[in-house]
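Taking it in order: structure first as structure tokens, then the write-up.
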Amino acid sequence: MAHWSTFEKETEKETKKLIRSISKIEDEEDQNFQSALKFTWSNFKFHRYLDVDSHKVQRSISGIYEKLMVHSDLSKAGSWMRLTEEFLNSPLPNTHETKTDAHYSVLSLLLFLSDSPSNTNFTERLWAKETEPEDNFDWAKYLMEGEDIDAGPYPDTPEWSEEESEDDDSQQPISREDSGIQLDRTPQEDQDSSNKTVPVAWTVGEPDARAWLEQHVVTPYWATHASRFPHSLHLHSNLLNVWDQHLYNTDPLYLPEEKAFVSETQVIRETLWLLSGVKKLFIFQHHDGKVSVRNDVVVTHLTSNCLLSVLEHVSVYGQAVFRLQRFIDEVTGHSSEPGPPGSGSCSRKGSEPPFRTYQAFVWALNKYFTGFKEELTTIEKEIISNDETVTLSAVLERLSSHLAQIKVLHKVFCTGVAEVPPATPNVVRASHLLNTLYKAIIEYDSVGEASEQTVALLFSLWTETVRPYLEIVDEWIVHGHLFDPAKEFIIQRNKDVPVNHRDFWYATYTLYSVSEMVDNEEKLNDAASGSSGGDQSSSNRQLTMVSFLKPVLKQIIMAGKSMQLLKNLDWKEAESSETSSRDAERKSLYTLFLESVQSRLCSQEGSPANTVSEQQATARSLVKMQSIMAQHLEIDDVHDPLLAINFARLYLEQSDFHERFSGGDFIVDRSSQSITCQTFELTLRSCLYPHIERRYIECCGNLMKTLKKDYMLLEYLQAMRNHFLLEAGDTMYDFYTAIFDKVQEKESWQQPSFLNMQLQEAVGQRYPEDSSRLSVFLENIDPSRKKHPVNNLDALTLSYKVPWPVDIVISSECQKIYNQVFLLLLQIKWAKYSLDTLRFSDFTDIAEKLEGSLGEEVKPKEPSNQQIHRMCLLRVKLMHFVNSLHNYIMTRILHSTGLEFQHQVQEAKDLDQLIKIHYRYLATIHDRCLLREKVSFVKEAIMKVLNLVLIFSDRWQAGFGAWKIESIDKVESDFKNCHMFLVTILNKAVCRGSFPHLESLALSLMAGFEQC
Amino acid sequence: MASAANANLNAVRETMDVLLEISRLLNTGLDMESLSICVRLCEQGINPEALSAVIKELRRASESFKASENCTN
């Protein structure tokens, strides 16, 4: 074997190795080994084989690839192609070139040796080696849990789903404390990483892990041209494709559009986010306050039109939520962006006082939205936990009641707030909002059970919104201070009228009534709503004002004004210190209102008062439910008492749920509201009005007491009657007789000094306190009117200085009426006085004289006696007339009406009523004294008679000689005419029965007439 | 020079890894050792067909030998 070359030696060595390796025979001397070696050598050296053909090998490689593809062993086929390619391009131990014959011969060897490659379980080990060990950390769960991000030691940690976590509280980035990261470290990395901050290469190599991650982490569908997520190939989940295909086949012009694919879960979550007020969304887009749906968003299992119609339905609610949310932000001042000019927030600067009604409304809205968002979050959590199937329609169904409520809220908001023009004053805004709510409640209330929830919602909204108003009212009627900085209350204080002014009662407050129809504002002076005009313009007012306060508005105004007046009267109640201390414990009107509402609700529910009985009831009902459930289960052949109990408990809990559903201290129980809201106005009547009423009675009672006791109101009224209506007969007699005497003596009496002196003298004796207040002055009288002697007195005017606050009741207008009556009385008194003072002795003297001087003239004697007789008769007739009139007025009218008035004054509840009574009293006496314009002809007739009386007495006193028989005739006939006229008129009136008080006058006059 | 040789060595090792994968994929039943022997033999010009025949025969023989040995035992 010496001729063997080194080449052959090498080959032999390798051959031996091969034999050893394959046959596992270590001993070269073994016979078997030797025979094997021989066999091998002979094969190598002496058998003839074709040389390796690279093309043939290449063909085999492709053949195997094809075979693998046919067997759909895609991964194997890929590996195969890649490996062979790589091998051919790699150097061999002793061959540095690539794709040499050696390469092909090695490959062909392997191909010869190959044993059905398609049947082997091959996974490429080469690549697996380079990757991390399998990552069994639950990344999705990890990401869902959420904690604050802290990129600290791992700055390269990929930022996960940033967009998502900004909307979703439950998904937050990674924290440092997370030990999970450490699991990813391979030993190798630990060894060579001298630098500790070397990032963990977060790669997931294992295909199943990758697939798992793809399922659990949200793909960035919002990014344009995002890769499509994997989904089932089932027909049902590919409706869109099927439909597209159909369109493509039927319509030659159909052009498939670029669509963004999302999953239904993503749609649901975006819907939830939209409803919770998130603005930056992918599916829903905001354009100037309007929400629209992207039309290129599709899900695979619905046609795009179908999805679009569902989402548009949602977007309407989204927009409503958005608008309400913006309003809330505007009022609370959270808005980062300036609102549109129409919203009114721009005009409201920080210096302006807050508009409390809107604030309260917003607070109520906010409360509702908190609950709503809780519900949304619950749904979203359910989606995240992935325990059950959540579909878009199921979510919408679940939210349907909420959505309906949002619709109602939005409607109320639109009519109550949004549609109000920007320049509207606050009072109109506030009352408009309250009216809208009120009307909405009544409107939905009338629907009955169908809208129970809505009414409950609106009612709670209303009770919140009305709070500022009630607080203003409370402040006003309790402390007499109308605190309304934002000018939102329907009643405003006129700043320029001080309290201690006589106009206070009328002019202090302006009532703003808002006409709902035209939304324009009109001012009604408070006087209109006060004493005289309380009933006027009622048709107009029905449209106006805050409706719920309308029934008690008068009481509120009365109580408020009374309270303010009382405060200014330095009203010293004995227990004033106690009241102030009590004030702290005092419940505000609003609290009282809520309490009564609650108690009303509770009483209607008939819930047991104590908890023990409640528990018993619960237990009893549990037993009852259990038996019912057991029966039901038995029908289905199920005998499971535990199941029955659990079912029963479930039902009970559900029924309890509503009762527990109440928030703050005074949140009205919603479930029970439905009962009461059916009679919403009744609720108000029983819960709100009594409190106001009570307060009103208290306030006004106090005021009346104070006015009567401390300010001697009654005494002043009495003084007016004493002096103006001559009730203090003796005193005034002294005064007017002095004047009449002067007139009779033809002296000038029209001197203020003389008149005042007479008055002071007369009054000072008996009413010293009034003497300083009373004064007389003469008015300038139109000379044309001064025709008759009776009118001489017209200029006389009595004046009484009434101190504040009594002048609220006894105003100057009242004094005018008093003066008119006073004048009439004075005229009657004058006539009566002038008749009374005539003496028969005057005549007897004259008669004697006449007899003496004119003895021979027999002719005129007869007529003179006759004349005297006639005059005496006439005098008696006139006296009868005047006395009848005097009696009628002094007793029948003034006295009885005065008694009536005193009685009414005692019973007057508030100042306004008192003023009204006083006015009515004055009007009555004015009327009954025949001073009214309408019956001026009667008065004229009377005046004529009085005038005749004065002329007659004048003539009488002038002496007999001055008289002509004709003039007596004229007086007689005039009197007769007037008398007859009056008797006819009065009889007619009495017969009609409309003036019963005239009866006595008519009768007495008639009696006098018949005697004629 | 050493680094070049080292690089070459690495390259060859990689080649062998690839080859082993191919071998596994083809289910040849060769391990790393026998594979490298085969590569060297092929490089020396041994006809792969002959080599594969030898390997198959040797396997068969060794198996029958083992079986007979088992039987005698």
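Sequence lines set the chain letters: A, B, ... in the order given, protein chains first and strands last, and positions in each chain run from 1. Not measured: the values here are computed from a predicted model.
- A:F39 and B:V54 get closest at one heavy-atom pair: CE2-CA, 4.2 Å.
- Rounded to the nearest 0.5 Å, atoms CD (B:E14) and CZ (A:F87) are 13.5 Å apart.
- Listed for the A:K17 side chain is no donor-acceptor partner under 3.5 Å among the backbone atoms of B:E33.
- Nearest heavy-atom pair, B:S34 versus A:S21, reported as atom, atom and distance to 0.1 Å: CB-OG, 3.4 Å.
- Using a 4.5 Å cut-off between heavy atoms, A:T100 does not touch chain B at all.
- When B:A11, B:S52, B:S62 are compared by the number of non-hydrogen pairs under 4.5 Å with chain A, B:S52 comes out ahead.
- The contact between B:I46 and chain A is made entirely by side chain atoms (from C-beta outward), counting heavy-atom distances below 4.5 Å.
- The environment of CD in A:E28 is crowded: more than 12 heavy-atom neighbours from other residues, nucleotides or ligands sit within 6.0 Å.
- By the 4.5 Å heavy-atom criterion applied to side chains, A:L109 and B:T28 are not counted as neighbours.
- Taking every heavy atom of both residues into account, A:E14 and B:L41 meet most closely at CB-CD2, 3.6 Å.
- In this structure a side-chain-to-backbone donor-acceptor pair under 3.5 Å is present from B:T15 to A:P91.
- A heavy-atom distance below 4.5 Å is not found between the side chains of B:C38 and A:V106.
- Between chain B and the options A:F112, A:Y49, A:W80, the largest number of non-hydrogen pairs under 4.5 Å is found for A:Y49.
- Most heavy-atom pairs under 4.5 Å with chain A, from the set B:N27, B:L58, B:L51, B:V39: that is B:N27.
- With a 4.5 Å cut-off on side-chain heavy atoms, B:R24 and A:L83 do not count as touching.
- Residues A:L18 and B:I55 meet the side-chain proximity criterion, which asks for heavy atoms closer than 4.5 Å.
- Heavy-atom distances place both the backbone and the side chain of A:L111 under 4.5 Å from chain B.
- Comparing A:L50, A:L107, A:I64, A:N89 by heavy-atom pairs within less than 4.5 Å of chain B, the highest count is held by A:L50.
- Atom CD of B:E49 sits about 13.5 Å away from atom CZ of A:R48, to the nearest 0.5 Å.
- Interface remark: A:N32 contributes side-chain atoms only to the contact with chain B (heavy atom separation under 4.5 Å).
- In this structure, NZ in B:K66 is found 8.5 Å from OG in A:S23, a value given to the nearest 0.5 Å.
- Between the side chain of B:N47 and the main chain of A:F44, no donor-acceptor pair closer than 3.5 Å is present.
- Atoms NZ and CD1, on A:K16 and B:I37 in that order, are 13.5 Å from each other to the nearest 0.5 Å.
- When all heavy atoms of A:I22 and B:R59 are compared, the closest pair comes out as CG2-CG, 3.7 Å.
- With chain B as partner, the option from A:D51, A:L68, A:N43, A:L92 having the largest number of non-hydrogen pairs under 4.5 angstrom is A:L92.
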